[in-house]
Amino acid sequence: MDCRLDGQVAIVTGASSGIGQAVARGLAQAGAAVVVNYNSHAEPADALVAEIAASGGEAIAFGADVSDEEAVGRLFAETVARFGAVDIVVANSGMQKDAPTAEMSLADWKRVLDVNLTGQFLCARAAIRQFAAQGDRGVSRAAGKILHMSSVHDVIPWAGHVNYAASKGGIAMLMRTLAQEVGPRRIRVNAISPGAIATNINREQTQGAPGEKLLELIPYKRIGAAVDIANAAVFLLSDMADYITGATLYVDGGMTLYPGFEDNG
Ligand code: BGC
């Protein structure tokens with residue numbers, strides 16, 4: 001058995017850049033037909049679809065704001081119309097709107113919670129409904145798989161990012177509760193918590209001198225690449241991980257290992 005996803009249909013939200021883009025590419029390389037969801041940037045999503053098609057895979061791009069219930073409905077309806085089913089959902093869309101708490105607007109608090117947490121709920125709910133409607137397709141040992149993209153900030157508090165950290169903390173219990181609830185239907189639900197992965201979201205933090213400083217927080221002494229997360233996603237979604245549900249896989253070079261104690265504290 002290996003990490004293949006042939007014959008399976010995957011939706012990846014927020015797949016026009018960063019981690020989502022790498023995950024969509026990875027799932028396509030593993031044999032899945034992929035729906036590349038984006039919110040506002042159609043061009044990179046279309047480019048990824050073209051790249052996947054050029055290497056013999058199947059993909060479409062579909063624009064939808066994951067915090068909008070109707071848009072999520074359209075995303076799933078289009079996927080079923082084009083590919084006949086949904087086997088895998090990667091709820092990846094996420095954003096930061098950082099500010100010290102005293103200066104954070106209610107609008108920025110709400111927007112981050114809406115996209116990062118409510119968006120993941122809406123996608124997971126749509127997935128569970130679709131898995132029930134289509135029944136066992138026989139393409140995987142599980143009857144459906146949901147993967148939530150979280151962050152090391154589901155356990156590491158992050159001053160100046162209270163909306164983001166709260167959303168990621170929320171994902172941890174969303175994921176575990178769902179895993180408990182739908183396990184009897186053979187649906188697996190897991191999370192990946194990336195550490196510092198170089199993408200647009202943290203460009204200023206990961207490059208140059210700030211990037212060097214960041215290594216102090218990473219025992220493995222390298223900033224992650226989006227493909228590190230894609231590799232973990234392919235594994236968790238494949239039958240190699242069929243007995244894994246309700247788990248969070250930290251892909252963080254050890255960032256969650258209290259690096260301040262590296263030299264005896
Ligand atoms: C954030 C990044 C940050 C990383 C480690 C991620 O969840 O989106 O901006 O670099 O956590 O702090």
Side-chain angles (χ1 to χ4, degrees), residues 3 14 17-23 26 90-92 94-104 108-109 112-113 116-117 120 147-177 179-180 188-238 240-241 243-265:
C3 291
S17 68
I19 288 173
Q21 185 182 57
V23 169
V90 182
N92 166 79
M95 67 188 311
Q96 288 181 216
K97 281 184 173 290
D98 311 326
T101 304
E103 282 141 44
M104 186 175 287
D108 282 0
W109 166 268
V112 169
L113 268 291
N116 294 14
L117 186 56
Q120 295 217 4
L147 181 60
H148 293 279
M149 202 55 71
S150 185
S151 164
V152 288
H153 298 296
D154 59 0
V155 290
I156 303 178
W158 203 14
H161 307 75
V162 71
N163 47 2
Y164 185 84
S167 72
K168 297 301 185 178
I171 288 171
M173 285 309 277
L174 168 70
M175 180 279 290
R176 296 180 69 215
T177 300
Q180 183 195 60
R188 293 196 294 114
V189 189
N190 291 293
I192 292 178
S193 286
I197 306 299
T199 66
N200 281 341
I201 210 172
N202 58 10
R203 207 179 312 116
E204 279 151 33
Q205 220 187 333
T206 53
Q207 290 178 356
E212 286 300 311
K213 176 109 181 82
L214 188 56
L215 293 181
E216 289 170 16
L217 296 179
I218 308 172
Y220 200 56
K221 302 299 170 208
R222 99 168 151 82
I223 303 221
V227 71
D228 291 315
I229 306 303
N231 292 341
V234 170
F235 164 69
L236 274 178
L237 293 165
S238 77
M240 293 283 278
Y243 207 51
I244 302 178
T245 194
T248 296
L249 182 54
Y250 287 86
V251 183
D252 66 349
M255 191 176 240
T256 41
L257 298 174
Y258 297 92
F261 283 80
E262 232 171 55
D263 56 4
N264 206 23

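The closest donor-acceptor contact from the side chain of Lys168 to the backbone of Met149 lies under 3.5 Å. No donor-acceptor distance shorter than 3.5 angstrom exists from the side chain of Asn190 to the backbone of His148, with no hydrogens or angles considered. A donor-acceptor pair under 3.5 Å is absent between the side-chain atoms of His153 and the main chain of Ser151, judged by distance alone. Distance alone, capped at 3.5 Å, places no donor-acceptor pair between the Asn92 side chain and the Ile19 backbone. Judged by distance alone, with hydrogens and angles left aside, the side-chain atoms of Ser150 form no donor-acceptor pair with the main-chain N or O of Ala191 at under 3.5 Å.
With rounding to the nearest 0.5 angstrom, the CG atom of Leu237 is 5.0 Å from the CG atom of Leu147. Taken to the nearest 0.5 Å, the CZ atom of Arg188 stands 6.5 Å off from the OG1 atom of Thr245. Once rounded to the nearest 0.5 Å, the distance linking CD1 of Ile192 with CD1 of Ile197 reads 10.0 Å. Here OG of Ser167 is found 4.0 Å from CG of Asn116. Values are rounded to the nearest 0.5 Å.
In terms of heavy atoms, Thr248 sits closest to Met175 at OG1-CE, 3.3 Å. Taking all atoms of both residues into account, the shortest heavy-atom contact from Met95 to Val112 is O-CG1, 3.9 Å. The two residues Gly195 and Val152 have their closest heavy-atom pair at CA-CG1, 3.6 Å. Pairing each heavy atom of Ala233 with each of Val23, the nearest pair is CB-CG1, 4.1 Å. Contact detail for Tyr250 and Asp154: the closest heavy-atom pair is OH-OD1, 2.9 Å.
With sequence neighbours excluded, the residues forming a side-chain contact (heavy atoms from CB on, under 4.5 Å) with Val234 are Cys3, Leu27, Ala30, listed by chain and number. Residues meeting the ring pair (Phe, Tyr, Trp, His ring centres under 6.0 Å) test with Tyr164, sequence neighbours left out: Trp158. Shown here are the side-chain contact (heavy atoms from CB on, under 4.5 Å) partners of Leu249, two or more places apart in sequence or in another chain: Ala232, Leu236, Val251.
Pairs of residues two or more places apart, or lying in two chains, that qualify as side-chain hydrogen bond (donor to acceptor under 3.5 Å, both in side chains) and include a residue from residues 197-210 are Asn200-Arg203.
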Show me the donor-acceptor pairs, under 3.5 Å and distance only, between side chains in residues 255-265 and residues at least two apart or in other chains.
residue	atom	partner	partner atom	Å
Thr256	OG1	Asp252	OD2	2.6

Less than 3.5 Å apart, which donor and acceptor atoms pair up between the side chains of residues 221-228 and the rest of the protein, not counting sequence neighbours?
residue	atom	partner	partner atom	Å
Lys221	NZ	Leu215	O	2.8
Lys221	NZ	Ile218	O	3.4
Arg222	NH1	Asp228	OD2	2.9
Arg222	NH2	Asp228	OD1	3.1
Arg222	NH2	Asp228	OD2	3.4
Asp228	OD2	Ala225	N	2.8

